[in-house]
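Computed over heavy atoms, backbone and side chain alike; hydrogens, waters and symmetry mates excluded. For this chain, numbers begin at 1 and follow the sequence in order.
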Amino acid sequence: KARQYLEAEKVQKPTQDITELFDVDADIRAMRANFAFEFFEIFRMGYQNYAEGEWQVAERFLSRAYAMGERRGSPDGPSAALIDFMGCASLQAPENWKGYRSLGTGNGGSELAIGVSGRTL
């Protein structure tokens with residue numbers, strides 16, 4: 001049974017490093033082409049703090065990333081979604097925070113279309 005379990009786990013794991021896709025996939029590269037390196041660094045710092053449960057710090061970085069997108073005419077949806085989610089909890093990560101949240105499947109994901117603050121994502 002243990003061997004079967006391990007084999008099943010191996011099949012489920014991606015064979016390619018996902019981060020590698022950001023460098024080699026033509027569609028992802030095209031999508032990211034309009035963003036400055038500074039944006040990615042600021043977003044990365046915001047996301048890292050979000051994952052670590054440091055939501056007040058994360059909100060500051062993610063707000064900067066969102067504003068950078070607004071200035072170029074394309075507000076950053078992922079930043080807005082994280083800011084709104086953290087805002088619902090008054091920028092305090094739950095005690096049992098694992099570094100991520102379930103997006104759920106309640107109504108087909110449409111709950112993610114409009115953030116709590118009213119920003120269109």
Within 6.0 Å of CZ in R32, more than 12 heavy atoms from elsewhere: yes
L91 versus G87, closest heavy-atom pair with distance: CD2-N, 4.1 Å
Separation of E59 CD from S79 OG (nearest 0.5 Å): 10.5 Å
Minimum heavy-atom distance M86-A58, with the two atoms named: SD-CB, 3.9 Å
Distance (rounded to the nearest 0.5 Å) between R44 CZ and N49 CG: 9.5 Å
F85 and W55, any side-chain heavy atoms less than 4.5 Å apart: yes
D27 vs M31, side-chain contact (heavy atoms from CB on, under 4.5 Å): CA-CA, chis, key distance, verdict: CA-CA 6 Å; D27 292 329; M31 177 184 69; over 6 Å; no
Exercise: identify the closest heavy-atom pair between Y47 and L62: N-CD2, 4.1 Å
Residue pair Q56, Q92: steps toward the side-chain contact (heavy atoms from CB on, under 4.5 Å) verdict: CA-CA 7 Å; Q56 291 178 2; Q92 296 295 318; 3.0 Å; yes
Spatial distance of atom CE (M68) from atom OG (S63) [nearest 0.5 Å]: 13.0 Å
Donor-acceptor contact below 3.5 Å, side chain W97 vs main chain Y50: yes
Ring-face cation of R72 near F35 (centre distance under 6.0 Å, axis angle within 45°): yes
Full working for side-chain contact (heavy atoms from CB on, under 4.5 Å) between R64 and E38: CA-CA 10 Å; R64 284 179 57 197; E38 180 185 15; 4.1 Å; yes
F40 ring center within less than 6.0 Å of F37 ring center: no
Side chain proximity check, I42 to Y66, heavy atoms < 4.5 angstrom: no
